[in-house]
A.B. asks: 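For reference, the structure I am asking about is given below.
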Amino acid sequence: MNLFTDIRELVLASIHAMQADGALPGELNLVPVTVEPPRDPAHGDMATNAAMVLAKPAKQKPRDIAEALAARLATDPRVASADVAGPGFLNLRLDPSVWQGLPKAILMAGKDYGRSTFGAQQKVNVEFVSANPTGPMHVGHTRGAVVGDALAALLDFAGYDVTREYYINDGGAQVDVLARSVYLRYLEAHGESVEFPEGTYPGDYLVPVGQKLKELKGDAFVGKGEEVWLAEIREFATEEMMELIREDLRVLGVVMDNYYSEKSLYGTGRIEAAIADLEGKGLIYDGVLEPPKGKKPEDWEPREQTLFKSTEHGDDVDRPIKKSDGSWTYFAPDIAYHYDKVTRGYDQLIDIFGADHGGYVKRMKAAVSALSGGKTPLDIKLIQLVKLFKNGEPFKMSKRAGTFVTLRDVVDQVGADVTRFIMLTRKNDAALDFDFDKALEQSSENPVFYVQYAHSRICSVLRNAAEKGVETSDAALADVDLSGLDHPTELALIGKLAEWPRLVETAAKTHEPHRVATYLQELASDLHGHYNRGNKEVSLRFLQDDPKVTQSKIALARAVAVVISAGLGILGVTPAEEMR
RNA sequence: GCACCCAUAGCUCAGCUGGAUAGAGCGCUGCCCUCCGAAGGCAGAGGUCUGAGGUUCGAAUCCUCAUGGGUGCGCCA
C-alpha cells in the first residue's frame, strides 16, 4: 500500500508501452525514474522526472517525451491531469477518489500500514550500546542505545530480519580494574576504611556489590592477594554490572536479542581462527609501524608487531593485532567477533559506535571486507555527544570521577518516552543538546509533547464522538462515503499520510531513524493546523451534526492516529491518549 | 602531520540519499477561543546554504581545493 509506488508502476508501464510502439528506444535504464510529492502543492499531487532522465539516452527532447507520456498517463482513471512543466517535469494530479480511498486503506492495514517488504527478510545484525561492564550506563550510551533500538525497529518494519546485539567488553584490563574496585568495597563492607587510588572506580554503585560479595564469601578474601580473588571477583563483578546494565536498558525500553561476550573469544581458539582466515588471505605479517608524523609519542621506539594489512581494504595504515609482548590487542577480538557475525550468515552488519571511536571505522570495515570477501557490508554509525543543560548551565559527565550523569538520572527526571524521542530528533552524526527544562515543558518547543498532543487530540475527538453516539469502529467506518473529504487541508493531510510508506523505506535505506521523528512532527503540525481551522470553518471539524459526515471525518482522524502510533512505535515511544 | 565528522535564518535544527521560488521551532511584529483540548493555530519580517572551482538539463545535496570547528592517531578497551 504505497500510492507513490503504484503511480510509479503506472509511469513505468506507460514507458514500456511507448517502447513497444517505437516511441522510445527499447534499451533504457528506468531505475532513476522517480515519482515524488512536489515541494510546491501548486504543482500537483505527484511529479515524475521520467522525461528528463530519459531524454539523453533516448536522444529526444525532454519536453517531447513528457508530452507523449502525459497523453498516455491521462488515460488512466486514477490520473485527473498530467501537465508538463519547467524543463520537463511531469506534474500529475490524481483523481480525488484515489486520495479519499486512503484513510480506509490505512484503517484496514492498521499498525501495518507502511510496513514494507523492501528489506526482503535480509538478515541484519545491529550491534549497539556495547558499554564496558564496569558501571551503569551514562547519557552518552543512552543515545547510542536509543538510536540502535529505533534503527532496529525501523529495519524490522521495512522488512528486514533484525538481530539486536550487545558486545560485552569483558575481556580486557578494565574488568581487572573493576574487580579491584569491588574488592575495595568488599573490604569496606568488612569495616575497613579504604581509599580509591588513581585507576580504580570510586562510584557508589559498587557499594552494594561489595556488600553482596561479603554475603557470598564471608571474609574468605580479606587480607589475601590478588592471585586468590581476582579471577573470581572479576567474574562476579562483571555479571553484577551486566545485571545493572540490563536493568538500565529495560528502563529505557530496550531489549537485546543477543549478548555476545568478548571473553568467550579468548582461550577458545576463536581469535586464532579469525586471524588464520586473514593469514590464509595473505593479510597478516610481522613488521614495524612508522610513528605518526607530526605528533610523535615521547617514548616511541620502533617495535616489531604482528600486523593486519588493512591498507589492502581501504585503511590508511596497517593495524597491529598483537602487542610487542605477544598478547592480543583489543583489535584482535574485535576481528574475531566480526568474523563470527559474518559466519553467522548476516547479509548486512551495522555497528553503532560512540564518536570517540571514529578512528576505528576504517580498520573495522577493512576487517569485515577481508573476512567476508567483500560480500558483507558493514555500516558504522557514529553517535555524537549529548550535551546536557539545565537552567542554561551545562552538566559535566566523567566516568572516572564517578560523578557522571547516568541513564537513570535522565529517565527518572523526564521519562523514557521523552528521552527516546529527543535523542532521535537529530541525525546521529550531529551533536545533540539535551535540555532538561525543555524536555519537561509541555509546549510546541518540546517535540515529544507536540506529537503526543496531536494523538491525544484525536483520541479526545473519538471520545466526544462516542458520547454523541457515533460509531467509530473499523467495521462502522468501512462503508462510509469519504468523497466529502475534499478540502485542501484534508487532502493535504491525506497526502502526508500517503508519504509514510516512502519515508519508512528511505529512512531504512539510509539507516536514519531520526527521519521518522521529523516526519511525525510534520504530520502533527498538519493535524494541528487542520484542527484549528475548524475553529473558523465549522465544516472542517471532525464532529458534525450528520453522523455519516462525522464518520467520514473520523476516518481521516483515525488514519492520522494510526500513522502517529506506528511512527512512535518505531521510536519506542508510547502514544498518549490523554494529556492533563 | 594524517584520517574521519560537521558548517543551512539572530539561535537550535530539517531538507525525502541530484529536482521547480531552500523549510520548521525559538526569538521579533500583528492576529485567532460563544467554537471538536489556545498544551494550539494563522500572517509578516528574516538566507551570497562557510568560500572558490568542477561534474550536468538541474547542486544545499556529488567531486576537488581552501577556511573554521569537533574527534581520533602502536604496547587503553
Side-chain angles (χ1 to χ4, degrees), chain A residues 32 34 36-40 43 47 49 52-53 55-56 62 85-89 91 132 134 169 171-175 262 288-297 299-300 302-303 305 307 315-317 319-320 322-325 327 329-331 333-334 354-362 382 384-385 425-427 429-431 433 435 438 441-447 449-450 452-454 456-457 460-461 463-465 468 499 502-503 505-507 509-510 512 514-515 517-519 521-522 525 528-536 538 540-544 550 553 557 578-580:
Chain A
T34 61
E36 305 182 309
R39 201 162 14 203
D40 186 347
H43 291 135
N49 61 354
M52 288 180 291
V53 176
K56 199 170 209 180
F89 279 105
N91 292 329
N132 289 344
T134 54
N169 284 114
Q174 79 282 359
V175 286
E262 177 194 355
V288 180
L289 283 176
E290 293 289 312
K293 293 195 174 61
K295 188 201 136 201
K296 189 185 277 193
D299 56 348
W300 178 271
R303 290 206 170 94
Q305 293 174 285
L307 301 168
D315 203 355
D316 308 307
V317 289
R319 304 293 177 176
K322 279 188 180 175
K323 301 174 193 168
S324 51
D325 68 2
S327 63
T329 63
Y330 68 91
F331 186 40
D334 271 355
D356 54 341
H357 286 56
Y360 306 104
V361 170
K362 279 193 177 181
L382 294 179
Q384 276 293 344
L385 291 179
T425 50
R426 298 277 181 269
K427 50 183 169 225
D429 46 17
D433 290 347
D435 190 315
K438 274 187 189 151
E441 205 170 292
Q442 306 202 353
S443 73
S444 53
E445 257 207 86
N446 182 345
F449 278 92
Y450 189 74
Q452 295 276 35
Y453 182 39
S456 55
R457 255 184 164 172
S460 169
V461 166
R463 285 191 296 272
N464 290 336
K468 289 179 118 183
E499 285 178 37
R502 284 181 84 234
L503 184 111
E505 287 186 6
T506 313
K509 211 183 303 183
T510 54
E512 293 181 334
H514 78 276
R515 288 176 192 263
T518 306
Y519 170 83
Q521 292 180 67
E522 290 166 6
S525 171
H528 288 309
H530 174 69
Y531 188 99
N532 273 84
R533 245 171 206 274
N535 287 334
K536 278 276 190 297
V538 179
L540 293 183
R541 294 183 194 167
F542 293 111
L543 301 177
Q544 300 287 331
T550 300
K553 310 277 191 195
E578 223 177 335
M579 311 183 73
R580 299 247 171 230

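Lettering of chains follows the sequences in order, A, B, ..., and the numbering in each one begins at 1.
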A.B. asks: Taking atom C1' in both B:G15 and B:A7, compute the distance separating them and give it to the nearest angstrom.
C.D. replies: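 15 Å, rounded to whole Å.
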
A.B. asks: Under 4.0 Å, heavy atoms only, any strand: does A:Lys362 hit a base, just the sugar-phosphate, or nothing?
C.D. replies: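 Here A:Lys362 touches the backbone only, sparing every base.
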
A.B. asks: Between B:U8 and B:U61, how far is it from one P atom to the other, in whole Å?
C.D. replies: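 Roughly 13 Å separates the two P atoms.
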
A.B. asks: Which nucleotide wins on minimum distance to the side chain of A:Arg303, given the candidates B:G19, B:C75, B:G40?
C.D. replies: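 Out of B:G19, B:C75, B:G40, the nucleotide with an atom closest to A:Arg303's side chain is B:C75.
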
A.B. asks: Please check the phosphate of B:G74 (OP1 and OP2 only) for any side-chain N or O of A:Tyr360 closer than 4.0 Å.
C.D. replies: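 For A:Tyr360, the contact criterion (side-chain N or O under 4.0 Å from OP1 or OP2 of B:G74) is not met.
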
A.B. asks: Within the 4.0 Å heavy-atom criterion, would you say A:Glu441 contacts the bases, only the backbone, or no part of the nucleic acid?
C.D. replies: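 No contact at all - A:Glu441 keeps every heavy atom at 4.0 Å or more from the nucleic acid.
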
A.B. asks: Remember a base hit wins even if backbone is also touched, and classify A:Gln452 as base, sugar-phosphate or nothing at under 4.0 Å, heavy atoms.
C.D. replies: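 Here A:Gln452 touches no strand at all.
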
A.B. asks: What's the spacing between A:Thr34 OG1 and A:Met52 CE if we round to 0.5 Å?
C.D. replies: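 Spacing of OG1 (A:Thr34) from CE (A:Met52) equals 8.0 Å.
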
A.B. asks: At less than 4.0 Å, is any side-chain N or O atom of A:Lys323 found next to OP1 or OP2 of B:G74? Yes or no.
C.D. replies: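 Looking at the OP1 and OP2 atoms of B:G74, neither is under 4.0 Å from any side-chain N or O of A:Lys323.
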
A.B. asks: Could you check whether A:Asn535 gets within reach of a base, just the sugar-phosphate, or nothing at all, counting any heavy atom under 4.0 Å?
C.D. replies: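 Base contact.
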
A.B. asks: Taking only the C1' atom of each, what is the distance from B:C31 to B:G70 in whole angstrom?
C.D. replies: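 So the two C1' atoms sit 44 Å from each other.
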
A.B. asks: Select base, sugar-phosphate, or nothing to describe what A:Glu290 touches, counting heavy atoms under 4.0 Å on all strands.
C.D. replies: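 Nothing, no heavy atom under 4.0 Å.
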
A.B. asks: Give A:Pro62 one of three labels, base, sugar-phosphate or nothing, depending on what nucleic acid heavy atoms sit under 4.0 Å from its own.
C.D. replies: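 The answer is nothing, as A:Pro62 stays clear of every strand by at least 4.0 Å.
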
A.B. asks: If you look at every strand shown and take non-hydrogen atoms under 4.0 Å, does A:Tyr531 touch a base, only sugar-phosphate, or nothing?
C.D. replies: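 Base, at least one base atom sits under 4.0 Å.
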
A.B. asks: Closer to the 5' end of RNA chain B via nearest nucleotide, is it A:Ser456 or A:Lys322?
C.D. replies: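 The answer here is A:Ser456.
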
A.B. asks: Taking the C1' atom of each, how far is B:G10 from B:C42, in whole Å?
C.D. replies: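 One C1' to the other, the span is 23 Å.
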
A.B. asks: Counting the atoms with a prime plus P, OP1 and OP2 as sugar-phosphate, which does A:Ala431 contact under 4.0 Å by heavy atoms, base, sugar-phosphate, or nothing?
C.D. replies: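 Touches sugar-phosphate only.
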
A.B. asks: Considering only atom C1', compute the distance from B:G51 to B:A43 and round it to an integer number of Å.
C.D. replies: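 It comes out at 36 Å once rounded to the nearest Å.
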
A.B. asks: Round to the nearest Å and state the distance from A:Arg457 atom CZ to B:A38 atom C1'.
C.D. replies: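 Result: 8 Å.
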
A.B. asks: Mind checking A:Ser460 for me? I need base, sugar-phosphate or nothing, with any heavy atom below 4.0 Å counting as a touch.
C.D. replies: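 Contact class for A:Ser460: base.
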
A.B. asks: Using the C1' atom on both, measure B:C63 against B:G46 and round to a whole Å.
C.D. replies: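 After rounding to an integer number of Å, I get 33 Å for this pair.
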
A.B. asks: Would you indicate which nucleotide in B:U12, B:C57, B:C36 comes nearest to any side-chain atom of A:Lys56?
C.D. replies: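 In terms of side-chain proximity for A:Lys56, the closest of B:U12, B:C57, B:C36 is B:C57.
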
A.B. asks: Under 4.0 angstrom, heavy atoms only, what part of the nucleic acid is A:Arg533 near: base, sugar-phosphate, or nothing?
C.D. replies: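 Result for A:Arg533 = nothing.
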
A.B. asks: Reckon A:His357 touches a base, only the sugar-phosphate, or nothing at all at heavy-atom distances under 4.0 Å?
C.D. replies: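 Base contact - A:His357 has a heavy atom under 4.0 Å of at least one base atom.
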
A.B. asks: Would you mind reading off the distance between A:Leu382 atom CG and B:C5 atom P, rounded to a whole angstrom?
C.D. replies: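 Rounding to the nearest Å, CG of A:Leu382 and P of B:C5 are 9 Å apart.
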
A.B. asks: Describe the nucleic acid contact of A:Gln305 in one word from base, sugar-phosphate, nothing, applying a heavy-atom distance below 4.0 Å.
C.D. replies: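 Result for A:Gln305 = base.
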
A.B. asks: Which word best sums up how the rings of A:Phe542 and A:Tyr531 line up, parallel for under 30°, tilted for 30 to 60°, or perpendicular for over 60°?
C.D. replies: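 A:Phe542 vs A:Tyr531 ring planes: tilted.
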
A.B. asks: From CZ of A:Arg426 over to C1' of B:C5, roughly how many Å is that when rounded to an integer?
C.D. replies: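 Rounded to whole Å, this separation is 17 Å.
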
A.B. asks: Could you work out which one of B:A77, B:G19, B:C75 sits closest to the side chain of A:Glu36?
C.D. replies: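 Side chain of A:Glu36 sits closest to B:G19.
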
A.B. asks: Verify, without hydrogens or angle tests, whether A:Glu441 (side chain) and A:Asn446 (backbone) share a donor-acceptor contact under 3.5 angstrom.
C.D. replies: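 No, A:Glu441 side chain to A:Asn446 backbone: no donor-acceptor pair under 3.5 Å.
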
A.B. asks: With sugar-phosphate meaning primed atoms plus P, OP1 and OP2, does A:Ala507 contact a base, only sugar-phosphate, or nothing at under 4.0 Å between heavy atoms?
C.D. replies: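 Result for A:Ala507 = nothing.
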
A.B. asks: Classify A:Gly529 by what it touches in the nucleic acid, base, sugar-phosphate, or nothing, heavy-atom distance under 4.0 Å.
C.D. replies: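 A:Gly529: backbone/sugar contact only, no base atoms under 4.0 Å.
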
A.B. asks: If you only use heavy atoms from C-beta on, which nucleotide in B:A14, B:G74, B:A38 is closest to the side chain of A:Tyr453?
C.D. replies: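 Closest of the options to the side chain of A:Tyr453: B:A38.
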
A.B. asks: Write down the distance separating the P atoms in B:C28 and B:C62, rounded off to the nearest Å.
C.D. replies: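 Approximately 36 Å lies between the P atom of B:C28 and that of B:C62.
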
A.B. asks: In whole Å, what separates the P atom of B:A22 from that of B:U50?
C.D. replies: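 Each nucleotide's P atom is 15 Å from the other's.
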
